[in-house]
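A short write-up of the structure that comes next.
Each chain gets a letter, A, B and so on, in the order the sequences are listed, and its residues count up from 1. All figures in this text were calculated on a predicted structure; none of them were measured in a lab.
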Amino acid sequence: MTRYILRRLAQLIPVLLGISVMVFALLHLIPGDPAAIFLGQEATPAEIARLRHILGLDEPLLMQFGKFLLRLVHGDLGVSITQNVPVGGLVLKHLPATVELAVTAMVIAIVIAIPLGVISATRKGSVLDLGSLILAQLGVSMPVFWLGMLMITTFALRLHWLPTFGRGPSFSEAFVALAKGDFAAVSSTFTHILMPAMAMGLTAAALITRMVRSTMLEVLQQDYVRTARAKGISEFKVIFRHALRNALLPVVTIVGLQFGAMLGGAVVTESIFAWPGVGRLAVEAIGQRDFPVIQGTVLSLALSFSVMNLLVDLSYAYINPKIRYD
Amino acid sequence: VANRLFKVLAVTMVLGLLLTGCGGTKSTDQGTSQPAQPGQSASGGTLKIGLDVDAGTLDPRLMKDTTASRAIELIYDGLVYLDANLKPQPNLAEKWSNPDPTTWIFNLRQNVKWHDGQDFTADDVVYTFKTELDPNFKAPYAANYASITNVEAVDKYTVKFTLKAAYAPMLGYMDLGIVPKHIGEKNDNSLGETPVGTGAFKFVKWDKKSKIQLDANKGYWGGAPKLDKVELDIIPDNTNRVNAIEAGDVDLVHSPISPQDIPRLQANKNLNTTLTTGLGITYLNFNTADPVLSDVKVRQAIASLIDRKTIADTIYQKMDAPGKSVLLPTSWAFSDKVTGPEYDEKKAAELLTAAGYKQDGGKWKKDGKELSLTIGTHTEDPNRLQTIEYIQNALTKAGITVKVKNAEWATFSNDVYASKHQIALMGWLNLIDPDKNMYNQFHSKGGSNWGKYNNPAVDKLLDQGRGETDQAKRTAAYQEAAKIVADDVVYHVVTYQGYVFSANKKVKGFEINPKGSFRSIQKVELTK
């Protein structure tokens, strides 16, 4: 098991290297000069050339890439052109917000999707099944920005239940506050994250519900389920202990993939709800052609995504004892 | 058995929904303004402001975005500040003199302390401008100060600037925030991240892409602010920023605001919403070096096909006003007689005929070739995209073939800076002195002359305007230059950008400033 994990981690190196090459190449292929954008419309060509020189953008591409790799192996992602601070720190500052949002969204998705999927499968063809299918279809087809705007209008503007924007204290700050008995801070964390997490989570919930339903339907028709029922095991145990566990394997895969997509693709949600995550950092950096920040965010997202995939693979062994990584 | 299972699941789901959906009661932000007794004036409280982008840095020398300017004018002081009429007023400098055209002497305010308790002196001013002008410091607006050849401290409270030539706009740029030498010298970028100034508010905390928190500087030389705290909240989505003020989550928002949201703000009984002329223009940049557009008659014909009033009234819903010239209505140099070609389709046809084009099958042609043009703008601004569609429509209807090439700002500006465009819709902001929106743009040696305009008469007028200190002579020079470039259609100014400001009625004492300045927040109080 340990060897397997080490091998998988070692495989990350060529993956990340490949991603660096691609990001670097793409950044230099698309038009747009970081120096010109940074200095703005009033800059003279001489000023732009001077800044290009200071930033090392006038060096041959291979040299720039070599320097970038050299810094990378020293754990240095470079310095942001627009903000003049180290990229590593910048990414670390924004990553927790994105991870908190993705985790909460995924918890919401699972809490909704698994019971809904199981109900649909066990009561196939019922009104409930139909209802959950319609909900799932709506969830899949409703774009996040639209859902987000509807939620803000309803819960923040009309009902005044939730704040319109922003992030409360972070999870770790909330835990500290909880220990001190400061419930206002905890509530602020919770009310702020709810809408963006719901907006993201509902889409994922729709996908997962459909997946749970179809795999459950398949599993429930298998012989061992009939045997279990024949032995007189309670229906509850049959469904949750015997059927659901076997149905979860493809569900875990899709949960893992969805979680990865949430980490990297939360840009729209982050913009609408003014959530200070890494997606906004990346998109704003792309607009300003802040090369070091783009490289840093893409690399850290790729890393999170790969680690997530590894965790998914490892969880297979837990869910299905037949799978062993030796 | 299945029934029991169903009940368990149903209860789980209801609980789940309760936990997630209804858990949040009214938002309980810490630090929001404390509710006061009705009818009472409540001293203190937190003023929450919704802004569109996060600051890049809080170092005045390096800042270039609007949010940084807003935060910086609260944290730092300049030698002067610009009032609502954009006139320089004493700030850290109590008075100044201009004994000869190339010498400026500033007498500084005494007994001013930095937020860390140290004394403010002339050395700080010298340090600020020396670093601003140091090429290695990469100050984005260094060009505004390029005529300064030397800055020196005459004594502890007197600073002398020496210029290489008379430079009339100088005083207008002296609002640059002065930074403390004793911190700046460490060169650790701490002024950008945890600024220390002399201003009315002290820096507390900056959550990147989320909010900047400031505390009142009780020992401010201009008198302690009435507020306790100011919070700048970053809400990138224009419509959600309006939602936030409607929901009472912020107390104040201002431009950029989508024109479509203004009626909502105006209809809200809890808000005071003001619409005034701002300091920006939206204009068409014509590439005068382009083979087709080098003919001034073609440029004039195209300008004559554009109905600026329709664009301002329909697309911008009267938030912006129809443009006339590069001279802003708020400027001392403004003249409503300088307009460039007005909307006149007949005149456009005459001009094209005079330029050698003939109508053939509904298309204008010259030597058998169709008159075909590429227009474009940047995709970040939906109103500009609509304006481009409108212009495409107007030109096509008149018989000109139009291709549209829009791109995100980085790509779009790359083409324009390299003069690869034909006609580009773009804007200038923060136009305080006419020098700022004319010299670099229209002078043959100007850095932003992407349309490659070259006219010795205009060069002479712009040099005159820059060197002259007599306001009347400057006005005459700029009006004449503006008339030439408007008639030559180097720029066709489509709209004068509006400035929208909206605040909760409990916000008292704010002075609206076309520059979008927040300096008057030091006198603002929150009432109920």
Atom pair [atom1]/[atom2] of [X] and [Y] - distance to nearest 0.5 Å:
X         : Y         : atom1 : atom2 : result
Leu39(A)  : Lys138(B) : CG    : NZ    : 9.5 Å
Phe38(A)  : Leu62(B)  : CZ    : CG    : 6.5 Å
Asp249(B) : Phe165(A) : CG    : CZ    : 6.0 Å

* Side chain proximity check, Glu193(B) to Asn84(A), heavy atoms < 4.5 angstrom ->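 Side-chain contact under 4.5 Å: no.
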* Asked: With a 4.5 Å limit on heavy-atom distance, are the side chains of Ser271(A) and Asp237(B) in contact?
  ->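 Contact flag for Ser271(A)/Asp237(B) side chains = no.
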* To do: Please state whether the side chain, the backbone, both or neither of Ile110(A) comes within less than 4.5 Å of a heavy atom of chain B.
  =>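 It is neither, since no heavy atom gets under 4.5 Å.
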* Asked: Heavy-atom distance under 4.5 Å to chain B: side chain of Ala156(A), backbone, both or neither?
  ->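 Backbone of Ala156(A) only, per the 4.5 Å heavy-atom cut-off to chain B.
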* **Top contributor to chain B contacts, counting heavy-atom pairs under 4.5 Å, from Leu281(A), Leu157(A), Ile37(A), Asp33(A)** =>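 Most heavy-atom pairs under 4.5 Å with chain B: Leu157(A).
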* Chi angles and distances behind the side-chain contact (heavy atoms from CB on, under 4.5 Å) call for Lys208(B), Gln83(A) -> CA-CA 11 Å; Lys208(B) 292 271 172 89; Gln83(A) 301 184 49; 3.5 Å; yes
* Taking everything shown except Lys405(B) itself, do over 12 heavy atoms lie less than 6.0 Å from its NZ? ->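 Counting neighbours around NZ of Lys405(B), 12 or fewer heavy atoms of other residues, nucleotides or ligands fall under 6.0 Å, so no.
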* Tell me, yes or no, whether the heavy-atom count around His28(A) atom NE2, taken from other residues, nucleotides or ligands under 6.0 Å, exceeds 12. =>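 Check passes, neighbour count above 12.
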* Arg241(A): partners by salt bridge (Lys or Arg N to Asp or Glu O under 4.0 Å), with sequence neighbours left out ->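 Arg241(A) satisfies salt bridge (Lys or Arg N to Asp or Glu O under 4.0 Å) with no other residue.
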* To do: With sequence neighbours excluded, tell me which residues meet salt bridge (Lys or Arg N to Asp or Glu O under 4.0 Å) with Asp381(B).
  =>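 Checked Asp381(B) against salt bridge (Lys or Arg N to Asp or Glu O under 4.0 Å); matches are Arg384(B).
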* For the pair Met426(B) and Gln41(A), evaluate side-chain contact (heavy atoms from CB on, under 4.5 Å) and give the outcome as yes or no after the intermediate values. => CA-CA 11 Å; Met426(B) 46 207 301; Gln41(A) 297 192 59; 3.7 Å; yes
* Note: Arg158(A)-Glu246(B) ion pair, threshold 4.0 Å (strictly below) ->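 The answer is no: the pair does not qualify as a salt bridge.
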* **Side chain / backbone / both / neither for Phe412(B) at chain A, heavy atoms under 4.5 Å** =>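 Neither part; nothing is under 4.5 Å.
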To check you understand the geometry: which heavy-atom pair defines the closest contact between [X] and [Y], and what is its length?
X         : Y         : value
Phe273(A) : Asn240(B) : CA-ND2, 4.4 Å
Asn189(B) : Val85(A)  : ND2-CG1, 3.5 Å
Asn414(B) : Pro31(A)  : ND2-CB, 3.6 Å

* Asked: Are Thr239(B) and Met149(A) close enough, and set up right, to give a side-chain contact (heavy atoms from CB on, under 4.5 Å), and what steps lead you there?
  -> CA-CA 9 Å; Thr239(B) 297; Met149(A) 281 180 347; 5.6 Å; no
* To do: Quick one: do Thr164(A) and Asn243(B) satisfy side-chain contact (heavy atoms from CB on, under 4.5 Å)? Show the steps, please.
  => CA-CA 7 Å; Thr164(A) 39; Asn243(B) 288 337; 4.1 Å; yes
* To do: Sorted by first residue and then second, give each salt bridge (charged side-chain N to carboxylate O under 4.0 Å, His left out) pair with at least one member in residues 277-286 of chain A; sequence neighbours left out.
  =>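 Sorted pair list: Arg280(A)-Glu284(A), Glu284(A)-Lys209(B).
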* Asked: Which one, Ala244(B), Ala142(B), Ser413(B), leads in non-hydrogen pairs under 4.5 Å with chain A?
  ->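 If we count pairs closer than 4.5 Å to chain A, Ala244(B) comes out on top.
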* Residues of residues 440-452 of chain B near chain A, each having a heavy atom less than 4.5 Å away ->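 At a heavy-atom separation under 4.5 Å, chain A is reached by Asn440(B), Gly447(B), Ser448(B), Trp450(B).
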